[in-house]
Amino acid sequence: MAEKTPIMMSQEERSVTYSQIKPVVVIVGPTAIGKSRIAIHVAKAWGTEILTADSTQVYRGMDIGTDKPTAADHAEVPHRLINIVDPDQPFNAGEFRRLAVQEIERLHRNGLLPIVVGGTGLYVRALLSGLWPGPPVDWTLRRKLEAEVAAGGMEGMFAELQQVDPESANRLHPHDRVKVLRALEVYRQTGLPLSKAHRQHGFQEQPFQALVLGLTMERSALYRRIEDRVEVELAKGLVDETRRLLGEGYSRQSVPMKSLGYRQMAGYIEGEYPFDEAVRRLKRDTRHFAKRQMTWFRKEPNLVWIEVAPHESPDVGAQRVSLHIDQFMSGLHLSRVSVRPMLSRVPQAQSGSQVGA
RNA sequence: GCCGAGGUAGCUCAGUUGGCAGAGCACAGCCCUGAAAAGGCUGGUGUCGACAGUUCGAUUCUGUCCCUCGGCA
């Protein structure tokens with residue numbers, strides 16, 4: 001009631017302030033926890049846009065299996081960094097970072113608070129802490145290395161890595177072919193041990209002032225939500241979508257077609273196992289994935305956990321998120337530039353008294 | 001009631017010619033610098049249906065009982 005109305009800076013003033021301070025809000029969490037829905041509420045309240053940090057939603061034509069925001073979602077709040085390449089075009093964390101930084105700068109220039117939402121831990125880390133400046137995967141070389149593995153097995157490859165980059169070999173398990181080959185590939189390309197490059201980089205960049213919020217939920221409830229979501233995707237036509245993508249010539253071996261949903265349905269479509277088995281595998285693999293995401297996010301520095309109750313409505317979670325954002329912004333002395341066009345009032349215990357502390 | 005098969009990890013089962021049991025799935029923990037919804041690592045004490053017998057020792061052999069499934073009545 002006696003609400004201290006946010007002193008509305010002009011858009012120009014906000015633009016200058018944001019571009020200097022570079023605030024970013026990041027919402028992470030395991031798949032199916034309800035990030036997207038919550039984020040839409042939050043982004044609406046702040047009158048801003050959503051930047052998606054999701055390694056599968058970048059692919060055009062892969063909609064159901066990636067749980068991509070719908071046209072209706074997009075109409076409510078603009079979503080960026082989705083649908084940017086075809087499934088046979090290479091994409092990676094570095095590319096994501098480049099594009100995300102552009103989007104963030106654009107929003108800052110327009111005086112808007114960027115809200116990054118996603119479950120791809122590496123993308124988030126790359127965005128907030130940078131990547132070492134070396135080359136991305138060289139697929140020609142990678143295929144050559146794969147051929148060497150096919151011919152001589154992983155043992156030889158690992159032995160080579162022990163020669164050229166003992167530190168990486170020491171860190172990596174000999175069976176971890178993706179990472180072993182990456183390290184070898186970097187050495188062959190640049191003559192530098194990847195371990196050294198990583199050590200020098202050390203994720204020390206800090207391009208933004210970031211608030212990282214991690215959504216979490218009681219494990220068994222999350223697993224139930226995952227299974228429900230798989231059923232929903234099947235009902236929406238995941239099998240047909242997979243069949244269509246295969247028909248368009250996207251190989252089962254390609255990176256995006258190996259992702260959750262498509263991989264399992266492709267096996268069914270090509271007759272390797274019955275439908276029920278495909279569903280079982282998809283649910284299982286998605287549960288495992290969610291677990292890995294949690295492991296990753298637990299390590300994310302300065303992450304603040306927010307517990308989400310299994311059946312609460314997204315705007316309730318969004319209110320809790322908004323509280324943290326309010327505190328974060330006032331900590332940056334930015335509370336007065338908060339644009340809250342539609343005030344679904346959030347209980348605001350401390351921020352009023354603590355501004356400027 | 002009779003005949004047959006079986007009762008071993010949360011589930012499906014393997015196994016021990018008698019020496020305190022094991023795979024897959026499930027589940028848990030973890031690693032990660034351009035494929036990351038990818039890739040990789042680690043974790044198994046469970047009255048081996050119950051009771052009794054034989055034996056230095058039984059989950060493994062014998063007997064009785066209980067339960068499940070199938071067939072016959």
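Chain A is the first sequence line, chain B the second, and so forth, proteins listed ahead of strands; every chain is numbered from 1.
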How is [X] classified with respect to the nucleic acid when contacts are heavy atoms under 4.0 Å: base, sugar-phosphate, or nothing?
X	answer
A/E185	nothing
A/F96	nothing
A/H173	sugar-phosphate
A/H175	sugar-phosphate
A/R125	nothing

Upstream residue (5' side of RNA chain B) when A/T120 and A/T295 are each assigned their closest nucleotide
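Whichever sits nearer the 5' end wins; that is A/T295.
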Atom of [X], atom of [Y] and distance for their closest heavy-atom approach:
X	Y	value
A/T216	A/W305	CB-CE3, 3.7 Å
A/Y268	A/P274	CD1-C, 3.8 Å
A/P314	A/R37	CG-CG, 3.4 Å

If stacking means aromatic ring centre less than 5.5 angstrom from the base's six-membered ring centre, planes under 30°, is A/W296 stacked on B/rC32?
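No; by the centre-distance and plane-angle rule, A/W296 does not count as stacking on B/rC32.
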For side-chain contact (heavy atoms from CB on, under 4.5 Å), just list the numbers for A/M62 and A/S259, CA-CA rounded to whole Å, side-chain angles, deciding distance to a tenth of an Å, and then say yes or no.
CA-CA 10 Å; A/M62 302 180 75; A/S259 65; 4.3 Å; yes
[N], OP1 or OP2 - any side-chain N/O from [X] closer than 4.0 Å?
X	N	value
A/R219	B/rA28	yes
A/H288	B/rG40	no
A/R263	B/rG39	yes
A/Y123	B/rA36	yes

A/F91 vs A/Y59 aromatic rings, parallel, tilted or perpendicular, using cut-offs 30° and 60°?
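Geometry flag for A/Y59 against A/F91: perpendicular rings.
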Could you tell me whether the side chain of A/V58 reaches within less than 4.5 Å of the side chain of A/E95, counting heavy atoms only?
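When only atoms from C-beta onward are counted, A/V58 and A/E95 do not touch, as no gap falls below 4.5 Å.
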How far, in whole Å, is B/rG44 from B/rG1 if one measures between their C1' atoms?
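The answer is 43 Å between these two C1' atoms.
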Tell me whether B/rG34 sits syn or anti, counting syn as a glycosidic angle within 90° of 0.
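Syn, angle within 90° of zero.
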Could you list by number each residue of residues 53-65 of chain A showing a heavy-atom separation from RNA chain B of less than 4.0 Å, or answer none if no residue does?
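Within this stretch, A/D54, A/S55, A/T56, A/G65 sit under 4.0 Å of the strand.
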Of all the base pairs, Watson-Crick or G-U under 3.5 Å, which form stems of three or more consecutive pairs involving RNA chain B?
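Stem list for RNA chain B: B:1-7 with B:66-72, B:10-13 with B:22-25, B:27-31 with B:39-43, B:49-53 with B:61-65.
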With a cutoff of under 4.5 Å between side-chain heavy atoms, which Ile, Leu, Val, Met, Phe, Trp and Tyr residues group with A/W132?
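Direct or chained contacts put A/W132 with A/V186, A/L194.
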Is any N or O donor-acceptor pair between the side chain of A/K179 and the base of B/rG39 shorter than 3.5 Å?
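Such a pair is found, so the answer is yes.
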Counting distance alone, no hydrogens or angles: does the base of B/rA36 have a donor or acceptor under 3.5 Å from a partner atom on the side chain of A/K258?
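No such pair is found, so the answer is no.
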In whole Å, what is the span from the CG atom of A/L181 to the P atom of B/rG39?
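It works out to 13 Å between those atoms.
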Apply the side chain to side chain donor-acceptor pair (under 3.5 Å) test between A/Q264 and each candidate in A/D285, A/T286, A/T242; give the one that qualifies.
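By the side chain to side chain donor-acceptor pair (under 3.5 Å) criterion, A/Q264 pairs with just one of A/D285, A/T286, A/T242: A/D285.
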Please evaluate residues A/M265 and A/E233 with respect to the criterion side-chain contact (heavy atoms from CB on, under 4.5 Å), reporting the C-alpha separation (whole Å), side-chain torsions for both, the decisive distance (0.1 Å), and the verdict.
CA-CA 11 Å; A/M265 292 308 129; A/E233 290 181 4; over 6 Å; no
